[in-house]
Amino acid sequence: MPPQPSHVYDYVVVGGGTAGSVIASRLTEDPSVRVAVIEGGPSDVDRPEVLTLRRWLGLLGGELDYDYPTVEQPRGNSHIRHSRARVLGGCSSHNTLISFKPLPGDWDEWAEAGAEGWDAASMDPYFHRLRNNIVPVDEKDRNAIARDFVEAARVAADVPRVEGFNQRPFHEGVGFFDLAYHPENNKRSSASVAYLHPHLEAGDRPNLTLLLETWAHKLEFDATLRATGVRVRTKDGEELLIEAEREVLVCAGAVDTPRLLLHSGIGPRADLEALGIPVLHDLPGVGENLLDHPESVIVWETDGPIPENSAMDSDAGLFVRRDPESCGPDLMFHFYQIPFTDNPERLGYEKPEHGVSMTPNIPKPRSRGRLYLTSADPAVKPALDFRYFTDEDDYDAKTLVDGIRLAREIARTEPLAGWLRREVCPGPELTTDEELSEYARKVAHTVYHPAGTCKMGAPTDEQAVVDPQLRVRGLSGIRIADASVFPTMTAVNPMIGVLMVGEKCAELIARGEAAAPGAAGAIAQGDSKQTPGGHA
């Protein structure tokens, strides 16, 4: 066999993030399969500011954050910055690692939307394959005020206390979260730590190539519209073509995946032509169906300092089902053991020296947004218009008003009430629905859960970008596997859902290889949870 060019691989994975790390690890279980991962950021190895979970807040807006702005939001907060991680492991190296298996209703909703084979019964096995160390917040990390929040919320909201949210499906409950971390040293069990670090340390995957600080800016196709590679720029400015003999797997996330497709001429024809981008494939759904979990915030000043112990300063939460017809929770809270006042300060509120926050969150938001390009220059950031609080029935805003009212009930309930000195914002003088709605929308922020911009669906769905095998419609040799394929938002934090998308994508590829004429053999797949690669 003649020597292969240095930039030719079987599979090219664009994005070494949450799903990309899973896929790269799984595909390279077969030593004959060559995989290149294109990651725009550096490695997370030996970077304590990344690997230490409790330091997550310091990453927002820093050198490892792509930091995408939001276009003007007439009914919301126009100052929201969407953090997207520029580091190996992606947002699992950058977020709080709150780990919920998506609820059965989340998956079944996808199947009903045309994602055949993605129902709850079909998806459940993938959770048990995950290599991440997913455990409840450790006893030593259970802050006393968070414990008292859990008890007060249990009484005020009349919901059960939950110990281990992933043990069984739930409609409502309050308790400490499950996190993907190692409690003994507060180290992340991110996608990169769990799926890539063991092999980087052991050096046992010569068939895995990580192209770090390398930015993908265009996909390449042949005359038959088969993906053949990815054009990239290295940190030194070198332009390279990374070729894929089998498939290109785009795992760049709900912002950068549609961005890459659009700059490659794949998307709504009129939008591309208006910017002078040659149209390769008219695919109207690219960038549409932009989803998020918006939430607002209520802040209290405490009587004094809060105990220091915590896993990541937002260790407990509450789920409520207001509508008994809902298949899952329809109101959620994170409880922050810090005064989270970044947005209220813009309205004139002052940050207390000591305080806590509750953040009412919309598990199933009805507003839908759009991502689009404003320039043909790939270096120009795309526009993110989430269209927050634009749903026809004002359901999203009403959910936050209900959340503020419930938060006040919890704050009046012992044992939490004994910690609290005063409500800082919105302040007890705001009482009407109109006042609370205006406040809640103006200080709303994101939980950094963009999704849906290359949604999965049935062949009859004109807005679907990928089919249930994650293949891009009308093209060949290319799949998408990240949060952009979500048809609808999961009611819970979506990270575990993205990891499961990665696991399923790897299996879909293995099945396809096994079925191919003359295939050398299926890519190996682990059927059970393996020992996580946790390292100090």
Side-chain angles (χ1 to χ4, degrees), residues 18-19 22 53 91-92 95-110 118-139 141-142 146-147 149-150 153-154 159-184 186-191 193-195 293 311-312 314-321 326-335 361 363-364 447 449 451 483 486 489-504 526-532 534:
T18 306
V22 175
L53 176 57
C91 289
S92 72
N95 62 17
T96 56
L97 290 177
I98 297 171
S99 299
F100 288 103
K101 179 170 68 172
L103 297 171
D106 293 326
W107 295 124
D108 290 342
E109 191 175 64
W110 287 21
W118 292 77
D119 56 279
S122 298
M123 292 305 298
D124 193 62
Y126 296 101
F127 177 75
H128 301 287
R129 295 184 185 179
L130 300 183
R131 292 178 174 174
N132 311 76
N133 194 55
I134 300 170
V135 294
V137 170
D138 193 74
E139 286 293 330
D141 293 329
R142 297 192 176 198
R147 291 178 188 269
F149 160 79
V150 170
R154 183 189 67 79
V159 298
R161 176 172 180 144
V162 176
E163 187 60 50
F165 278 101
N166 290 315
Q167 296 300 311
R168 62 188 62 85
F170 61 91
H171 293 114
E172 50 191 8
V174 63
F176 284 88
F177 296 133
D178 282 11
L179 305 179
Y181 85 130
H182 296 277
E184 65 275 13
N186 197 242
K187 182 179 177 178
R188 291 178 177 274
S189 183
S190 62
V193 169
Y195 282 85
H293 275 147
M312 51 75 179
S314 178
D315 304 321
L318 166 68
F319 290 89
V320 174
R321 181 167 65 164
S326 173
C327 65
D330 56 18
L331 173 63
M332 187 254 188
F333 288 81
H334 297 83
F335 180 73
N361 176 290
K364 289 289 187 180
V447 204
H449 295 167
F486 284 28
M489 181 59 85
T490 57
V492 294
N493 301 51
M495 183 190 70
I496 295 300
V498 176
L499 290 167
M500 292 169 70
V501 168
E503 286 281 7
K504 178 150 184 167
D527 291 325
S528 60
K529 189 169 183 174
Q530 300 186 23
T531 302

Mark yes or no for whether [X], through its side chain, and [Y], through its backbone, hold a donor-acceptor pair below 3.5 Å.
X	Y	value
D106	L103	yes
R161	R154	no
D178	S99	no

Go through M500 and I496 one step at a time and tell me if the side-chain contact (heavy atoms from CB on, under 4.5 Å) criterion holds.
CA-CA 6 Å; M500 292 169 70; I496 295 300; 3.8 Å; yes
Shortest non-hydrogen contact from [X] to [Y]?
X	Y	result
I98	M312	CG1-CE, 3.6 Å
A311	L179	CB-CD1, 3.6 Å
R188	V193	O-CG1, 3.5 Å
C91	T18	N-OG1, 4.1 Å
V174	A153	CG2-CB, 3.8 Å
P363	H293	O-NE2, 3.0 Å

Rounded at 0.5 Å granularity, tell me how far [atom1] in [X] sits from [atom2] in [Y].
X	Y	atom1	atom2	answer
W107	D124	CH2	CG	10.0 Å
R168	K101	CZ	NZ	10.5 Å
K187	L53	NZ	CG	12.5 Å
H334	D315	NE2	CG	11.0 Å
N493	F177	CG	CZ	6.5 Å
N361	F333	CG	CZ	9.5 Å

So, applying side-chain hydrogen bond (donor to acceptor under 3.5 Å, both in side chains) with Y181, which one of N132, T96, D141 is it?
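Only one of N132, T96, D141 forms a side-chain hydrogen bond (donor to acceptor under 3.5 Å, both in side chains) with Y181, namely D141.
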Is any side-chain heavy atom of Y195 closer than 4.5 Å to a side-chain heavy atom of L130?
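Yes; the side chains approach each other to less than 4.5 Å.
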Pairwise side-chain contact, Y126 with L499, heavy-atom cut-off 4.5 Å (strictly under):
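Answer no - side chains too far apart.
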For R147, which residues count as a side-chain contact (heavy atoms from CB on, under 4.5 Å) partner, sequence neighbours excluded?
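So R147 forms a side-chain contact (heavy atoms from CB on, under 4.5 Å) with E139, R142, F176.
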Step-by-step side-chain contact (heavy atoms from CB on, under 4.5 Å) determination, D330 to K364:
CA-CA 6 Å; D330 56 18; K364 289 289 187 180; over 6 Å; no
Stepwise side-chain contact (heavy atoms from CB on, under 4.5 Å) test for F335 and V150:
CA-CA 9 Å; F335 180 73; V150 170; over 6 Å; no
Sequence neighbours left out, what passes ring-ring contact (aromatic ring centres under 6.0 Å, His included) with F170? Give chain and number order.
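Listed in chain order: F165, F319.
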What residues form a ring-ring contact (aromatic ring centres under 6.0 Å, His included) with H171, not counting sequence neighbours?
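Partners of H171 under the ring-ring contact (aromatic ring centres under 6.0 Å, His included) test: none.
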